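Working notes for the structure below.
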Amino acid sequence: MANIISDETLEYVGILAKLDLSEEEKAGAKKDMESMLDYIDKLNELDTMGVEPMSHAFLTTNVYREDLVTNGDGHEDTLSNAPAKKDQSFAVPKTFA
C-alpha cells in the first residue's frame, strides 16, 4: 500500500460528508479509502497512448426527427372549459393592487 490516509484527512472527509463515525468505522473507512487510491494508482499504470477519450462506454448517437405539429395546440378546446376568458386567454382575478 503506497497510499496512506492520515487521521486528519479522514476526519476532514468525515466533516465534509457529515458523518459521525466510531473508531471502528474510521479504521474501516481508512482502509477502504487507501485501497481505492491504490486501485486508482494501478489504473494509472495502464498504457493509454492511442486510445481516444470517451464519455460513455457504449457507442451512442443522437436520434433526431423532424419536429412536426400533428394535432395543433388545442387552445379552442382548452378555453371552452374556462369559466371566464378574454382575448383567447384565461381571465383571472387581479392578484396585485
Side-chain angles (χ1 to χ4, degrees):
M1 275 211 232
N3 294 297
I4 297 176
I5 303 293
S6 68
D7 291 335
E8 293 82 22
T9 302
L10 184 64
E11 194 69 34
Y12 182 67
V13 170
I15 290 168
L16 291 176
K18 298 184 186 288
L19 297 174
D20 186 22
L21 301 174
S22 67
E23 291 303 316
E24 184 178 298
E25 291 171 325
K26 285 181 184 179
K30 188 175 184 180
K31 183 179 176 185
D32 289 344
M33 288 173 69
E34 289 172 350
S35 66
M36 284 186 256
L37 290 175
D38 287 339
Y39 185 71
I40 291 170
D41 283 346
K42 188 176 224 175
L43 291 175
N44 286 334
E45 295 173 6
L46 293 173
D47 179 23
T48 57
M49 293 301 288
V51 177
E52 289 188 38
M54 61 182 177
S55 62
H56 201 278
F58 301 105
L59 181 62
T60 59
T61 57
N62 288 330
V63 179
Y64 294 105
R65 64 171 172 80
E66 191 173 345
D67 191 14
L68 298 174
V69 177
T70 57
N71 61 351
D73 63 1
H75 74 277
E76 291 93 5
D77 293 333
T78 303
L79 285 175
S80 69
N81 294 321
K85 49 190 162 191
K86 179 181 177 185
D87 298 329
Q88 296 184 3
S89 299
F90 290 104
V92 296
K94 189 174 180 178
T95 55
F96 291 103

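Heavy atoms only: backbone and side chains are in, while hydrogens, waters and symmetry mates are out. Please read these numbers as outputs of a predicted model, since none were measured by experiment.
The pair Glu45-Lys42 does not count as a salt bridge, with every side-chain nitrogen at least 4.0 angstrom from each carboxylate oxygen.
Scanning all heavy atoms of the two residues, the minimum distance from Lys85 to Ser80 falls at NZ-CA, 4.2 Å. Thr78 and Phe90 make their closest contact through CG2-CZ, 3.6 Å (heavy atoms, listed as atom of the first residue, atom of the second, distance). Minimum interatomic distance between Ala29 and Leu21 (heavy atoms only, all atoms of both residues): CB-CD1, 4.4 Å. Shown here for Asp77 and Asn81, the closest heavy-atom pair between the two residues is O-ND2, 3.6 Å. Scanning both residues, Asn3 and Glu34, for their nearest heavy atoms gives O-CG, 3.4 Å. The shortest non-hydrogen separation linking Leu10 to Met33 is CD1-SD, 3.6 Å.
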Original post:
Where do Val13 and Ile5 land on the side-chain contact (heavy atoms from CB on, under 4.5 Å) test, with the steps shown first?
Top reply: CA-CA 11 Å; Val13 170; Ile5 303 293; over 6 Å; no
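Checking side-chain atoms of Thr48 against main-chain N and O of Val51 turns up no donor-acceptor pair under 3.5 Å.
In this structure, CD1 in Ile4 is found 9.5 Å from CG in Asp38, a value given to the nearest 0.5 Å. Residue Thr60 holds its OG1 atom at 11.0 Å from CE of Met54, rounded to the nearest 0.5 Å. The NZ atom of Lys30 lies 7.0 Å from the OG atom of Ser6; values are rounded to the nearest 0.5 Å. Of the inter-residue distances, the one linking Glu11 atom CD with Leu16 atom CG reads 11.0 Å to the nearest 0.5 angstrom.
Applying the 6.0 Å contact sphere to CG of Asp20 captures no more than 12 heavy atoms from other residues, nucleotides or ligands. The environment of CG in Leu68 is crowded: more than 12 heavy-atom neighbours from other residues, nucleotides or ligands sit within 6.0 Å.
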